[in-house]
Amino acid sequence: MSDLTKIRKIIKAWEHYLYLENLSNASVEVGKDDNRKIWDENIQLVGNQLLIPQPLFQQFKKTYSTLEESKQLEDFKIAVSFPQIYRVRAGERSFFPLFTVDISSIFSGKYRSRGWDLTEGFLFQPVIPNLIELYSLDEEEAENLVIQEGLRTFLSETFKFNFSTLQDFLDLLKQPEQNLSYKPIPYLLRFDYVSYTHNLKKDLRYLSQQQFWDWAIPGHPAYEYFFGSPQSPRHDVLFLGAFPGSLPNKSQADALKHFYVSFLTAVIGPPGNGKTSLLVHIIAISLVKRAHQLITTGIDESNLTLVTSTNNRAVTNVIEKLATELGDNFFYLEGGRKDFIDKQVIPKLLRAKNWLETETFNETLWQQISREIEKISTSLQSQPQIDIERAHQREKDLQQKEQLNREIESLQERLSILEQQPITSPESNYQQYPILAYEQIKAALERAVKSFPPVDLEPLLQNSRSWWERLWYSLKKLWLDITHSSSRHILKRLHKEIHAPLTATLATPFPFQLPLTRESTEASYSQVANQLTTARRWQLDEQRTEDSNTGQINSIKRQINQLKNSSSLIEQRLAAYPTEDFFTRNPVEYHQQQQELFLLSWQYLQQEALRRSDEVIRSIEIYIDVINSEKNHDAWCRFTANYSSILADVSLLFPVFASTLHSVRNLFPYLKKGCIDVSVIDEAGMIPPHQPLPVLVRSKRAVIVGDPLQLEPIVPFSQSTIEQYHEQAFTEQGLTDADYFRYSPTAIYTATAYHRAAGASDQLGDIGNGIILNEHYRCVAPIISFCERISGYKLIIKTPFKESRLGTNLIAYPVDGTIADHVNPEEVDAVERLLEHLLNAGYSTDEIGVISPYRAQADATRKRVREVYTDLDRASIGTVHKFQGGQKPVIIFSTRQCRDTDSLLFINRRPNLLNTAVSRAEELFILVGNTKRLLQEEGYLKKLVAHIQQFGEIRPLP
């Protein structure tokens, strides 16, 4: 099957869904003239037979035949319902059908005076919201309604009583307790015109009838929505522009980068994670892009940005942020409903037209702003190249620093060696030579040698041959002894004189040997004299060597200091380099310049509108005529011939349009690509996949923001209807089960608008490749950590801690409870008591919200509490679904289920419901319920009670 064939079949399946959805419309106004939707006069039910007055039948038949000839039978849908349950407000009746039976086919045949048997072959559809509200049907019961066995079985099984005919059913059915008008008779209703889906149905039919789609090509957001596989965001993307105020964090910057270069961007926006800030930054980037392109190239392209969702709250959040910063004069047009267009949009466009007619274009200012924009843009655009050059220089500095470190290390090693190595002489080591002692010894030896007699008398005496020689030598020897000048006396004096210095030499490597004779004394003198000469020479050489080493050491130290100084300078340069690259730093470091770019660009585009005022005024006039409730055929022709330029002109002063998805067609009645530059679709996790298609077809780029782990879309069908739809709309068309789980509005766990934008598969739990905003700013950590636990967001919690006025952030109040008419009255009592307790603690009624998964419980609680606390806003008490997108400092959560037989599946089957409920509370979450029962069954409720036990308190009721 080709892509185009598959798209056609999917659109056809979506049209079938709208048909069933229209049959399930919960409220139908009577209307009048051509817009009449209810016929309740003379419609009768006799037994099982529906009786219609013949004139009314002929009127319908004529309409049927006319539409059949023009091949527009899709515009003819008539059903019957009973009984008549309606409310009168401002003179208008609104009917609330419990079910509808499609009888459109009877008008192709002849009139039957005896009527038509409604139990035979007609398609009927329960209207689940009304069955829940008016007859207290439980949500789980509604999912399991019996419809495949026919209308009679459905009625008997739903209302729990037996009857013989449909007329008997009417007679036996009790009037609902609500303050509504009630008549036990049937009525006819037209279900081809439902305000909620009317525009969507028109757009899908238009697409279905076209033979060629210029948007069904890769790269267009509508095609990517069907078949795309989103890529992860590129890092090296420079976007220009930022909205004043909060800085984009990393995850927001990732989304902005992806948006800047992609046709379709999917973003997961968990509660309290700065989603609105992201959306206004997208608006700022689109506006700057237009101004910059116009200045630098002269090419002007629209920057019209549509902010849309299924509910007004999501749209209003963005508008309020825009209004806070920019005021309410121009910039945005809010409201796509016809009454909003007449009361808000057109008057604002007329004010702009008047401003263009009265203000004067300031060329000097226009040129000055142009230069400023170009200067800032050029500076920002040059930063990546500067960063590259800095990176190269940093790499050089790192290499140089490493080289310096190596040189310093080498020099330090040499220095260590020189400082630790002993200094040695080329000769023997005289480092320990006792030079002073030897100098004393030498002096004593010298004196001794000089004191020795000239001749040694002892040998002469022994060797003389004559007596007189012997006598002479004997007398001389005697004289020497008498005068103590003999060699013996001299040696004795020497020994005594050198005793001390000799002793000093003994502990050295140079011990002195005591001379005992004249000859040894003379020899010792000569030896000591030589040693001293050698020692002194060694010392001189040693000093020279030492001086040389000291010079080397000092030189090395000087080199090390010089290298360290150079290294320090490099370290200072390295410290000055950014620690992150430009693309990471840009959102924060250059936020001021980005804000200036946005504000300057907005001024520039206003001046550009004045410069081209005649052209822009004509475009505004044509656009007003086109969206006016009274259609202008000539304006329509001019618009369709040049719609892109006209919208580009309008967007010079109104770059932002805001509307719900159901009203977009009123602002952009022409379904052609290029009407919208950027569409931003919020709360996409609650949007069925068919609703964004017409917007995407009109767009060049799209950002789809949602949370697949919050509440899913509401499908107003029973499980049996869903199974029939699966078979008829998908299987019988040749589409696969995988197609069903990827594209069906009833496959709410795998096929929301978010899933499609993120390229999710048909597998349960696959959330595709969306960019998650992971910084949380709403709930305190003990509360949001439960959501993190069951969802796996991987949040970075930025919320400052704040203790509640009850002393903790999580409290469970056990209430055993009972069930009566789908309501737990004991829990209603408990909520009333807790409200008093909270008010006494200092909270105001504006700070408290009360929610329950079950509508009957929420309604009963609202009725009781508002009787006591009349200033409590009605919207502060409701179902979890009604509270989606809201938040309060305090949330009270009434679980209702208390009996062993009560099913917890409705809450436990997915994390979404509790994830939504808990994340509504900013500082205090209170659970009211039978905690023993909740802990009995594995699931998310048990995890919640356990989380409160661990991080909060379980308390008795005050």
Quick one: sort the His947 and Phe786 rings into parallel, tilted or perpendicular, breaks at 30° and 60°.
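His947 vs Phe786 ring planes: tilted.
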Parallel, tilted or perpendicular: rings of His591 and His281 (30°, 60°)
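Because their plane-to-plane angle is over 60°, the rings of His281 and His591 count as perpendicular.
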Would you say [X] and [Y] make side-chain contact, with heavy atoms under 4.5 Å?
X: Tyr854; Y: Ile907; answer: yes
X: Arg910; Y: Leu764; answer: yes
X: Val780; Y: Ile784; answer: no
X: Arg874; Y: Arg862; answer: yes
X: Tyr813; Y: Ile926; answer: yes
X: Ile877; Y: Ile851; answer: no
X: Asn930; Y: Gln897; answer: no
X: Val307; Y: Ile283; answer: yes

Euclidean distance, [Y] [atom2] relative to [X] [atom1], rounded to 0.5 Å:
X: Arg833; Y: Leu957; atom1: CZ; atom2: CG; result: 4.5 Å
X: Phe906; Y: Glu141; atom1: CZ; atom2: CD; result: 12.0 Å
X: Asp254; Y: Leu773; atom1: CG; atom2: CG; result: 9.5 Å
X: Gln857; Y: Ser136; atom1: CD; atom2: OG; result: 11.5 Å
X: Ile319; Y: Leu326; atom1: CD1; atom2: CG; result: 10.5 Å

Would you mind checking if [Y] and [X] are paired as a salt bridge, meaning a charged N to carboxylate O distance below 4.0 Å?
X: Glu143; Y: Arg909; value: yes
X: Asp829; Y: Arg864; value: yes
X: Glu133; Y: Arg855; value: yes
X: Lys275; Y: Glu683; value: yes
X: Glu922; Y: Lys802; value: no
X: Glu847; Y: Arg805; value: yes

More than 12 heavy atoms of other residues, nucleotides or ligands under 6.0 Å from CD of Glu788: yes or no?
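It does: Glu788 CD has more than 12 such atoms within range.
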Might you confirm whether atom CG of Asp339 has over 12 heavy atoms from other residues, nucleotides or ligands at distances under 6.0 Å?
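Counting neighbours around CG of Asp339, more than 12 heavy atoms of other residues, nucleotides or ligands fall under 6.0 Å, so yes.
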Expected output: side-chain [X] to main-chain [Y] donor-acceptor under 3.5 Å:
X: Gln344; Y: Glu334; value: yes
X: Ser663; Y: Thr660; value: no
X: Ser894; Y: Val928; value: no
X: His776; Y: Pro270; value: no
X: Thr752; Y: Ile748; value: no
X: Thr916; Y: Gln710; value: no
X: Asn130; Y: Ala26; value: yes
X: Glu826; Y: Asp816; value: no
X: Asp682; Y: Gly706; value: no
X: Glu775; Y: Ile797; value: no

Sort out for me which residue in Asp859, Asp902, Asp138 forms a salt bridge (Lys or Arg N to Asp or Glu O under 4.0 Å) with Arg896.
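Exactly one option meets the salt bridge (Lys or Arg N to Asp or Glu O under 4.0 Å) with Arg896, and it is Asp138.
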Going by distance alone, is a donor N or O of one side chain under 3.5 Å from an acceptor N or O of the other, for [X] and [Y]?
X: Asn809; Y: Glu923; value: no
X: Ser246; Y: Ser277; value: yes
X: Tyr86; Y: Gln84; value: no
X: Asn249; Y: Ser251; value: yes
X: Gln887; Y: Arg778; value: yes

Got a sec, which residues hit ring pair (Phe, Tyr, Trp, His ring centres under 6.0 Å) with Tyr332, two or more places apart in sequence or on another chain?
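Tyr332: no ring pair (Phe, Tyr, Trp, His ring centres under 6.0 Å) contacts found.
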Would you sort out whether Ile811 and Ile948 count as a side chain to side chain contact (heavy atoms under 4.5 Å, CB included), showing the intermediate values?
CA-CA 6 Å; Ile811 303 176; Ile948 294 174; 5.6 Å; no
Is it the case that Arg920 places NZ or CZ above or below the six-membered ring of Phe883, under 6.0 angstrom from the centre and within 45 degrees of the axis?
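That pair does not qualify as a cation-pi contact.
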Please report whether the ring centroid of Tyr135 lies less than 6.0 Å from that of Phe159.
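Phe159 vs Tyr135: aromatic centres under 6.0 Å.
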For a side chain to side chain contact (heavy atoms under 4.5 Å, CB included) check, start with the C-alpha distance between Ile819 and Arg899, then their side-chain angles and the critical distance, and finish with the verdict.
CA-CA 8 Å; Ile819 300 294; Arg899 302 168 300 190; 3.5 Å; yes
Go through the steps for Ser791 and Asn915 under the test side chain to side chain donor-acceptor pair (under 3.5 Å), then give the verdict.
CA-CA 7 Å; Ser791 67; Asn915 186 25; 4.8 Å; no
For [X] against [Y], the heavy-atom pair lying closest together:
X: Gly269; Y: Asp707; result: O-CB, 3.8 Å
X: Ala820; Y: Pro825; result: N-CD, 4.5 Å
X: Leu599; Y: Pro244; result: CD2-CG, 4.1 Å
X: Val823; Y: Ala860; result: CG1-CB, 3.6 Å
X: Asp766; Y: His755; result: O-CD2, 3.4 Å
X: Ser804; Y: Tyr843; result: CB-OH, 3.4 Å

Start with the C-alpha gap between Thr895 and Ser852, add the side-chain angles, then the distance that decides, and say whether side chain to side chain contact (heavy atoms under 4.5 Å, CB included) holds.
CA-CA 6 Å; Thr895 59; Ser852 174; over 6 Å; no
With side chain to side chain contact (heavy atoms under 4.5 Å, CB included) as the criterion, how do Phe95 and Ser27 come out once you've worked through the C-alpha distance, each side chain's angles and the decisive distance to 0.1 Å?
CA-CA 6 Å; Phe95 280 69; Ser27 177; over 6 Å; no
Using side chain to side chain donor-acceptor pair (under 3.5 Å), reason through Gln719 and Asn144 one step at a time and then give a plain yes or no.
CA-CA 6 Å; Gln719 187 59 37; Asn144 297 304; over 6 Å; no
